[in-house]
Amino acid sequence: LLLWNSILRANVSHQFYGKVVSLYVRMVKDGVFGDGFSWPLVIRACGYLGSVYLCRVVHGRVVEIDFESRVYVGNELVGMYGRLGRMGDARKVFDNIGVRNCISWNTMISGYALNYEVGGAMEMFRGMECEGLEPNVVTWTSLLSSHARCGRFVETIELFGLMRRRGVEINAETLAIVLSVCADLGAFVGGKVIHGCVVKGGFEDYTFVKNALVSVYGKCGEVNNARNLFLEIKDKNIVSWNALITSYADAGLCDDALDVFLELERPQDCLNLRANVVSWSAVIDGFASAGQGEESLDLFRQMQLSHVNANTVTLSIVLSVCAELAALNLGREIHGHVIRAALDGNILVENGLVNMYTKCGCLKEGYRVFQNIQNKDLISWNSMISGYGIHGLGASALDTFDQVIKSGFKPD
RNA sequence: UACCACCCAUUUGA
């Protein structure tokens, strides 16, 4: 069993999750029973694989052998359900853990953060304090993350201040989150202050911290600073490259963005890095936002020839270009692709389609897509209203506006 | 011998 466990562990740490599950199946066949060390590993693999069915089977088995209440097993189950987006189930397991430790609470908080539930994260944080447990640096960082992910930027900064006043240790991960918030806020001064903390704390060698710094300077229009920081990074990863591409794109310098992108695509320059869907989307969006729709679509065509698949973000960008250029044919083509790839049902894409069709003069088709949107948001409504507006159907526009209010939205 | 936190692209609105 010791051998089984070390094989499982090796596969988990190399992220060969499918392999872990097949090893587990073999263990069952060979009549080897997992112990308190094997189960957390198997559970972890299931969570990453994302199959609800598999997770349920494994969880069922864990309950049968009465391992659920063990803290290491329970913590891992909580993490698994968090990754599946099932915080209700995570909570049930959490409540069943016999003796919860700090990691149990932290895993719940990070689960809520991952699922954009800042309220749940706050509740757990308070619950932890009530139980007399001292939140550690991971607890605080998870709490910051939950706020940042929900767009509570100012509160994130405030919590960071509170964290420091409480004398909690600050580490690279903490600073990376705060930097990402500075980027979102375009907070140049704040970014410089945190940059100071990075230097003082000796976190400059962390690639992900440098990446966050590139983003901050990039979002503030300081492209030269961004570039210099980028060049300082010893082990550039794909995020580093994408951060620089985005910096140029945001500044409207889409040709420079493209240069960086092309450099990334040259095998002799970047040994084992290739442009991913973010790189492509960033550079396509760069041209789109600069009003160079044709070039943008050209890049999209090239992307289709590459081995990188467009995702909902890419398609929403391209659809907005189609709308602007009234490129109905490409728009329809993308609509077909959306259906084949089962990407309909995504609000980003659906809104993009409504906008594209109405701008291309196909009010009917736009309306049809609009009707089929399950959870319309304000953007869906606005797109439809402006669609009517363009076609001079003021009455329909006003009518739709009334429906917005009836649906319980606050028009902006 | 196992468990928690981190960085990049985002659709509507003259």
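Protein chains get the first letters and strands the later ones, always in sequence-line order, with residue 1 at the start of each.
Here NE2 of H147(A) is found 12.0 Å from CZ of F153(A). Values are rounded to the nearest 0.5 Å. L319(A) CG to N355(A) CG: the interatomic distance, rounded to the nearest 0.5 Å, is 8.5 Å.
Atom CD1 in I109(A) sits roughly 12 Å away from atom P in A5(B) (whole-Å rounding). Between the CD atom of E169(A) and the C1' atom of A5(B) there is a distance of 12 Å, rounded to whole Å. Taking atom OH of Y81(A) as the reference point, atom P of C3(B) lies 20 Å away to the nearest angstrom. Rounding to whole angstrom units, NZ of residue K236(A) and P of C8(B) are separated by 19 Å. With rounding to whole Å, D235(A) atom CG is found 14 Å from C7(B) atom C1'. The nearest whole Å value for the distance from the CG atom in L353(A) to the C1' atom in U11(B) is 10 Å. We find that CG of N11(A) is positioned 15 Å from C1' of U1(B), with the value rounded to whole Å. Between I379(A) atom CD1 and U12(B) atom P there is a gap of 8 Å when expressed in whole angstrom units.
Contact of the T207(A) side chain with the V239(A) side chain is not registered, since no non-hydrogen atoms from C-beta on lie closer than 4.5 Å.
Listed nucleotides: U1(B), C8(B), U12(B). Nearest to the side chain of R9(A): U1(B). Side chain of N355(A), nearest nucleotide from A5(B), G13(B), A9(B): G13(B). With U1(B), A5(B), U12(B) as the candidates, the nucleotide lying closest to the side chain of E173(A) is A5(B). Set against U11(B), C8(B), C6(B), the side chain of T246(A) has C8(B) as its closest nucleotide. Comparing U12(B), A2(B), U10(B) by their nearest atom to the side chain of D285(A) picks out U10(B). For S142(A), the side-chain atoms get nearest to A5(B) when compared with the rest of U12(B), C6(B), A5(B). You'll find that the side chain of F208(A) is closest to C6(B), out of A2(B), C6(B), U11(B). Checked against C8(B), U12(B), C7(B), the side chain of A212(A) finds its nearest nucleotide in C7(B). Closest to the side chain of L41(A), out of A2(B), A9(B), C7(B), is A2(B). When distances are taken from the side chain of I317(A) to each of A5(B), U1(B), U10(B), the shortest belongs to U10(B).
At least one side-chain nitrogen or oxygen of S145(A) sits closer than 4.0 Å to the OP1 or OP2 atom of C6(B). Of the side-chain N and O atoms in K359(A), none sit less than 4.0 angstrom from OP1 or OP2 of U11(B).
Across all strands, N311(A) comes closer than 4.0 Å to base atoms (heavy-atom distances). Here G352(A) lies in heavy-atom contact (under 4.0 Å) with sugar-phosphate atoms only. Among the protein residues, N136(A) comes within range of no part of the nucleic acid, since none of its heavy atoms lies under 4.0 Å from any strand. Within 4.0 Å of S281(A), counting heavy atoms only, lies at least one base atom of the nucleic acid. Among the atoms of the strands shown, none is found under 4.0 Å from any heavy atom of G111(A). Among the protein residues, D377(A) comes within range of no part of the nucleic acid, since none of its heavy atoms lies under 4.0 Å from any strand. When heavy atoms are screened at a 4.0 angstrom cut-off, K376(A) is found touching no nucleic acid atom at all. Counting non-hydrogen atoms under 4.0 angstrom, I103(A) reaches a base of the nucleic acid.
Paired with N311(A) under the rule side-chain contact (heavy atoms from CB on, under 4.5 Å), one option of V313(A), N309(A), L315(A), V308(A) passes, and it is V313(A). Tested against Y217(A) for a side chain to side chain donor-acceptor pair (under 3.5 Å), the candidates E222(A), H195(A), R227(A) yield a single pass: H195(A).
Both tests do not hold together for R86(A) against Y81(A): distance to the six-membered ring centre under 6.0 Å, angle to the ring axis within 45°.
No donor-acceptor contact under 3.5 Å links the side chain of N5(A) to the base of A2(B).
Between F160(A) and W140(A), the gap from one ring centroid to the other reaches at least 6.0 Å.
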